[in-house]
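What follows is a single structure, written as structure tokens, with notes after it.
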Amino acid sequence: MKDIEESLVAELKSDSTLAFKTSDDELFKRAEVTANNQQGTKDLVALGMASIWVVFISLFMKILKPLFKRMAGKPKALSDDAKNIKYTTNNENK
């Protein structure tokens with residue numbers, strides 16, 4: 001590993017024809033496009049996940065709606081004993 005690093009350093013030091021032909025403005029433009037593409041990809045993934053959850057929840061509710069209706073049933077009338085129960089608080093008992 002050390003030999004590879006040494007040979008790279010030696011080659012870069014001895015090679016005088018190595019020149020960067022890309023300007024700073026061009027590098028900034030590339031960086032901006034890359035960042036925009038990455039953010040666009042993240043936004044699309046987030047939008048896709050949100051739409052999948054919306055579809056999942058709507059299907060879940062369609063499946064469970066009849067079950068909830070069956071569980072609820074008809075309201076039952078209170079018996080006379082239940083109607084006459086008086087609820088008190090601790091303050092009223094003193």
Interatomic distance, CD1@I52 vs CD1@I57, rounded to 0.5 Å, equals 12.0 Å

Joint hydrophobic cluster, V54 plus F60, side-chain heavy atoms closer than 4.5 Å: no

d(N37 CG, E32 CD) to nearest 0.5 Å is 10.5 Å

Hits for side-chain contact (heavy atoms from CB on, under 4.5 Å) against I63, two or more places apart or cross-chain, chain-then-number order -> none

side-chain contact (heavy atoms from CB on, under 4.5 Å) filter on Q39, not counting sequence neighbours, yields K42, D43

The complete set of side chain to side chain donor-acceptor pair (under 3.5 Å) pairs with one or both residues in residues 44-67, sequence neighbours excluded, reads none

Output for pair (M49 CE, L44 CG), nearest 0.5 Å, gives 13.5 Å

Cluster membership besides V55, Ile/Leu/Val/Met/Phe/Trp/Tyr side chains within less than 4.5 angstrom, sorted by chain and number, is L59

Close side-chain approach of Q38 to T34, heavy-atom, < 4.5 Å = yes

